[in-house]
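Shown next, in structure tokens, is the structure this report addresses.
As the structure is a computational prediction, the values presented were derived from the model and not from experiment.
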Amino acid sequence: MTDATLSNLLREERRFPPPADLAEQANVTAAAYDEAAADSEAFWAAQAARLDWAEPWTQVLDWSRPPFARWFVGGRLNVADNCVDRHVRAGRGDRVAFHWEGEPGDTRTLTYTELKDEVSRAANALLALGVQAGDRVAIYLPMIPETVVAMLACARIGAPHTVVFGGFSAEALRGRILDCDARVVITADGGYRKGAASALKPAVDEALEQCPDVRSVLVVRRTGQDVGWTEGRDAWWHDLVAAQSAEHTPEAFDSEHPLYIMYTSGTTARPKGILHTTGGYLTQVAWSHYAVFDVKPETDVYWTAADIGWVTGHSYIVYGPLANGVTSVLYEGTPDTPHQGRWWEIVRKYGVTILYCAPTAIRTFMKWGDAVPGRYDLTSLRLLGSVGEPINPEAWMWYRRVIGGDRTPIVDTWWQTETGAQMISPLPGVSTCKPGSALRPLPGIQAEVVDDAGEPVPNGSGGYLVLTRPWPAMLRTIWGDEQRYLDTYWSRFPGRYFAGDGAKKDDDGDIWLLGRVDDVMNVSGHRISTTEVESALVSHPLVAEAAVVGAADATTGQGIVAFVILRGDAAGKGADEDPAQELRAHVAKEIGPIARPRQILVVAELPKTRSGKIMRRLLRDIAENRELGDVTTLTDSTVMDAIRERLPEGS
Ligand code: WT7
């Protein structure tokens, strides 16, 4: 973020107090801040008590061995029972859990009773495949009801799942399966994206060539496309699951039993397996969903328009909304298929009252123009949410005016894969919102903005965002790598969790998030590490060296710009052939289409410090067409001139 943008942000003076009717009936009032401040453990214990526990806990928080936390020590519960059976037991089984909308327009409605039967059958199917509590199961599926069912079936039998986003490559899938040693994979023939059937099974087959320990693959038939088949390993979901009994008695697991592993990019090429556990995670996602979205399960229709393959989908499509017994929308496809009004058509069709999405989507809709949503009745909406990246005030104002009819509060929710649940956000019945600010930590959460020395900065200043107390949904470790857990999060400011984000406190002490301070990019709300893309590039025979930066992008937040040095033998020949196309495709194949660079620039040299570190800051200046920053630590200052000369016209 440039200084100009920053000072613009802090001059933002528009204020939006909560609507009176919402404030009057809000699930959570200002008193929650006081209660939590007085005794945060008592506060979280009260929220945990909203769930059904088979065994009560004996201690709320064990922080005797920081930074390894244990929440609700000794308590036992089953996540699937809490998300599904509990509502059926309470006589709410006829309530719709999901209105599912396939991209081609096919639909399916699942009540809580139907969900209970499906999850029980799937749990019995996993048991039939020999899956036991503690075994890892990989899920690689499109956005279909079976994805939710598969996750809950795993939770029901205590088998931690790892959901791999369907847009990731065979290579990325393989890495994740091997890292967590999953023995069973649940996938589909394919899913619908951008108006066509997009295959998934071939990527699984390719990945499994190098995963000898995977013994079973359960395949959902979604598109009907042809699939390769390995006898003895592959089974159709509609054969195996349908044949099972709909009776399954869930077993209660320890509060700290692993629930899932979600891989996310860090500052090295190897993704980190973020581990979430049972009791604390479910407590915080359920409470935050109830508080931040003010959900009324009898009347609201809730929609998180994100993919289940990211943490947003785990916490706010699956676990939070189901724990609260809410009716949700689940949409398979892309926002412009078959036309640019698809989302708004869905809002009108199901009477969506609460919508949660990423700024990148909002900016795309802005580009498409007000007329598109203008054609639909959106008056059912009463609350809007934003997540994944900083939301610029213009996008915030557009979202409120055009989608929210100038009535709805907007909750800008800051959190991460690691935090598991929302951490900094307005409360819609309490907070006066400021366009572009996530405001302050939620009740029960403590955050601070600190300087290089770890000292809290005064109001009006910027620094690094840290979390100063453990929270129930926090990651417990990085799967198989405790040292990396310590190094990444707890060593920069000892005793405090380093989030990797820059932030500023305004004169009221409210927090404005400014983006990552490490070598992690945020493209359309997805985290991608520069080193991950660099190592994909250098794995191509044409490339000798690569440096990747995230450059500001009006739609996607950041765009990936790669500077590459070609190998000696490659650089000479075929000067009229542009290797950029091939390299972009190569990255998409190695990691997934989301990591495909927006721009690839072939250069002769890269700017380096005397210690040999690539100066990404200078490359970012170039990628964003800025005057060059300080070049005094550069070994050879003519390098930058040489790079500039090589740039295409107009860059
Ligand atoms: C990073 C976490 C949270 C689920 C989706 C992304 C950025 C997230 C906000 C926000 C400013 C935000 C941060 C954070 N981020 N929400 N409301 N305002 N920045 O999860 O992939 O783990 O990425 O997303 O940079 O560190 P993730």
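- Listed by chain and number, the residues in a side-chain hydrogen bond (donor to acceptor under 3.5 Å, both in side chains) with Y485 are W490 (sequence neighbours excluded).
- For an aromatic pair to be called close, the ring centres must be under 6.0 Å apart, and Y281 with Y260 satisfies this.
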Using residues 211-221 as the side-chain source, report each donor-acceptor pair under 3.5 Å to any protein atom, sequence neighbours left out, with the distance given to one decimal.
| from | atom 1 | to | atom 2 | distance (Å) |
| --- | --- | --- | --- | --- |
| R215 | NE | L129 | O | 3.4 |
| R215 | NH2 | L129 | O | 3.2 |
| R215 | NH2 | G130 | O | 3.4 |

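- Q132 places none of its side-chain heavy atoms less than 4.5 Å from the side chain of R183.
- Side-chain atoms of P67 and L486, non-hydrogen and from C-beta on, do get closer than 4.5 Å to each other.
- R70 and D254 are not joined by a salt bridge, as no carboxylate oxygen comes within less than 4.0 angstrom of a charged side-chain nitrogen.
- Aromatic rings from W310 and F168 are positioned such that their centres are separated by under 6.0 Å.
- Using a cut-off of 4.0 Å between Lys/Arg side-chain N and Asp/Glu carboxylate O, E146 and R222 are scored as not salt-bridged.
- Here the side chains of F43 and P443 are in contact, with some heavy-atom distance below 4.5 Å.
- Below 30°, between 30° and 60°, or above 60°: for W53 and W57 the angle between ring planes is above 60°, a perpendicular geometry.
- Counting heavy atoms from C-beta on, the side chains of R174 and I177 never come closer than 4.5 Å.
- Looking at D135 and V184, their side chains never come closer than 4.5 Å, going by heavy atoms from C-beta outward.
- No side-chain heavy atom of Q416 sits less than 4.5 Å from a side-chain heavy atom of I274.
- Ion pairing between R527 and D518 fails under the 4.0 Å rule for side-chain N and carboxylate O.
- Under the 4.5 Å side-chain criterion, counting only non-hydrogen atoms from C-beta, R270 is in contact with D179.
- Between H289 and Y302, the two ring planes are perpendicular [angle over 60°; tilted spans 30° to 60°].
- Applying the side chain to side chain contact (heavy atoms under 4.5 Å, CB included) rule to A155 yields the partners V79, L259, Y319; only residues at least two apart in sequence or on another chain are considered.
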